[in-house]
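Atoms within a ligand are numbered from 1 in the order they appear, just like the ligands themselves. Just so you know, these numbers come straight off a predicted model, no measurement behind them. All heavy atoms count here, side chains included; hydrogens, waters and symmetry mates do not.
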Amino acid sequence: MDNVITVKNLTKKFGNFTAVDSISFNVKKGEIFGFLGPNGSGKTTTIRMMLGLLQPTDGDINVLGIEVDHQALALRSRIGYMSQKFSLYNDLTVRQNLNFYGAAYGLAPQVLQKRIDETLEMAGLEGKGNIKTQELSGGWRQRLALGVAILHNPEVIFLDEPTAGVDPVSRRAFWELLYELVKQDVTVFVTTHYMDEAEHCQRLGFILNGQLIAYGAPGEIKDNTFSAPVLELAPENPTEAMRAIQLAVESGEIKADDVELYGSFVHVFSSDPKIEKNVKKFLQKNQIAVKHTTMIEPSLEDVFIASVRKNGNSVIQQK
Ligand SMILES: Nc1ncnc2c1ncn2[C@@H]1O[C@H](COP(=O)(O)OP(=O)(O)OP(=O)(O)O)[C@@H](O)[C@H]1O
Ligand SMILES: [Mg+2]
């Protein structure tokens, strides 16, 4: 598969603060590439450099064979962007918003009307064309913002936390739209901090404090981070059980790398093949009630937390 985006040693400094620290990755044609990271990790800064909106301090970005640093304008008609704080005109109707942005892209009137109809259909907004944008719920507004970003049939779209703050059903519906787009060979670069969304990406990059700490398909990232399955416990009192196990790990009574709370479960990360037996024995001895224990495959959230812990101390930077 061709690389549609190639990023090499990309760096951005604001004064002496490094927001993006020599990251390298590529994005293949027709894939959904997820760019995952906590608040302030450098996601938006990276996207803005990839779009030619912000000058990198160092490094190279090539999008669709074009060096972004020198020829960003040549890319404009071939890429779409839904920014984190996307702007729709609230007092205009859905169709008027699409008309406005379509004209701004320079689409000829007849082409534009056809594209607006297609976009309304694609985004499931048929019948909503004459509704005032301010009357749309958050999920529908996000669909409209995606519609605006794809109106000119771009080959690559950049979406910066497109589903932040909308309910799970609307998020799922939005992702269905992204799947439809990739079926048409559109390449999607999407930032998120929702772990379930990350599982839906073909490949991922994890960014933390401006550094890319994991990169690859979700399965590859999991395999590289943990070679062993994770022990999942369902204690009567998860917090108490987690603390007790953590203390046992610190004292060496239980051999494990990490213990984390996961909703009402506790996850124990260990390469010890007897971990389940040992933990059960420990729980019994200390009269900690557990409904059940199971060995499970690690989730991406497990992997992310483990990567953050592994890298956290060494990459903390002073602003
Ligand atoms: N123009 C700027 N001047 C100084 N610092 C900046 C500037 N833009 C971003 N930063 C800093 O760079 C870091 C990365 O910011 P960025 O917006 O890229 O993070 P993000 O991963 O998109 O976060 P979020 O999930 O909150 O959107 C932050 O510490 C931010 O404060
Ligand atoms: Mg951001």
Side-chain angles (χ1 to χ4, degrees), residues 5 7-25 27 32-61 63 68-69 72 79-88 138-139 141-142 145-146 148-149 156-168 170-171 174-175 178 188-201 203-216 218 221 300-301 303-319:
I5 301 172
V7 169
K8 267 195 213 134
N9 303 327
L10 183 65
T11 298
K12 180 68 192 180
K13 293 187 177 176
F14 294 109
N16 57 12
F17 171 70
T18 307
V20 175
D21 193 358
S22 195
I23 63 172
S24 301
F25 59 88
V27 178
I32 301 184
F33 185 93
F35 202 48
L36 206 69
N39 292 130
S41 52
K43 301 181 298 293
T44 299
T45 305
T46 303
I47 281 206
R48 290 175 59 79
M49 290 192 283
M50 292 165 87
L51 292 164
L53 297 173
L54 187 69
Q55 180 82 24
T57 308
D58 205 357
D60 300 304
I61 311 163
V63 177
V68 173
D69 219 5
I79 61 176
Y81 174 38
M82 181 173 160
S83 76
Q84 196 168 356
K85 297 189 183 81
F86 56 84
S87 42
L88 296 168
R141 291 168 59 78
Q142 267 148 331
L146 177 68
V148 166
V156 187
I157 52 172
F158 295 85
L159 308 172
D160 197 358
E161 291 189 33
T163 58
V166 303
D167 68 74
S170 304
R171 286 207 283 133
F174 189 92
W175 273 79
L178 298 187
V188 177
F189 181 93
V190 56
T191 77
T192 181
H193 42 221
Y194 291 116
M195 295 298 158
D196 57 332
E197 293 191 345
E199 300 264 9
H200 293 309
C201 299
R203 290 192 313 133
L204 296 169
F206 275 170
I207 186 171
L208 178 71
N209 293 340
Q211 299 188 339
L212 201 67
I213 59 169
Y215 169 56
I221 292 180
L300 263 181
E301 184 164 339
V303 171
F304 188 50
I305 299 218
S307 305
V308 168
R309 281 185 182 257
K310 206 163 71 187
N311 291 273
N313 292 337
S314 59
V315 294
I316 288 173
Q317 295 168 22
Q318 293 301 316
K319 206 170 170 183

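Counting only distance, with no hydrogens or angles, the side chain of Lys43 and the backbone of Val190 share no donor-acceptor pair below 3.5 Å.
The shortest N or O to N or O distance between Gly37 and ligand 1 is not below 3.5 Å. Not a single N or O atom of Thr46, backbone or side chain, sits closer than 3.5 Å to an N or O atom of ligand 1. Considering backbone and side-chain N/O atoms, His193 never comes within less than 3.5 Å of an N/O atom of ligand 1. Not one N or O of Phe14 is nearer than 3.5 Å to an N or O of ligand 1, by distance alone.
Side-chain contact annotation: Glu197 with Thr163, donor-acceptor N/O pair under 3.5 Å present.
Put simply, the side chain of Ile61 reaches to within 4.5 Å of the side chain of Pro56, judged on heavy atoms. Looking at heavy atoms from C-beta onward, Phe174 lies out of side-chain contact with Val166 at the 4.5 angstrom threshold. A heavy-atom distance below 4.5 Å is not found between the side chains of Ile79 and Phe189. For the pair Thr46/Phe158, no side-chain contact is recorded, criterion being any heavy-atom separation below 4.5 Å from C-beta on. Side-chain contact between Tyr215 and Arg203 is present, with heavy atoms from C-beta onward closer than 4.5 Å. A heavy-atom distance below 4.5 Å is found between the side chains of Arg48 and Tyr81.
In this structure, Arg48 has no heavy atom closer than 4.0 Å to ligand 1. At least one heavy atom of Ser41 sits closer than 4.0 Å to an atom of ligand 1.
Of all atoms in ligand 1, listed by their number and element, those nearer than 4.0 Å to a heavy atom of Phe17 are 11 (C), 12 (O), 13 (C), 29 (O). Each of the atoms 21 (O) of ligand 1 lies under 4.0 Å from some heavy atom of Pro38. Close approach of ligand 1 to Thr44 is summarised as follows: ligand atoms under 4.0 Å from at least one heavy atom of the residue are 17 (O), 18 (O), 20 (P), 22 (O), 27 (O).
Any protein N/O/S atom under 2.8 Å from the Mg ion (ligand 2) was counted, giving 2 altogether.
Residues forming a ring pair (Phe, Tyr, Trp, His ring centres under 6.0 Å) with His193 (at least two apart in sequence, or on another chain): none.
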Assess the residue pair Phe35 and Leu212 against the criterion (side chain to side chain contact (heavy atoms under 4.5 Å, CB included)); give the C-alpha distance rounded to whole Å, side-chain angles, the decisive distance to 0.1 Å, and a yes or no. CA-CA 10 Å; Phe35 202 48; Leu212 201 67; 4.0 Å; yes
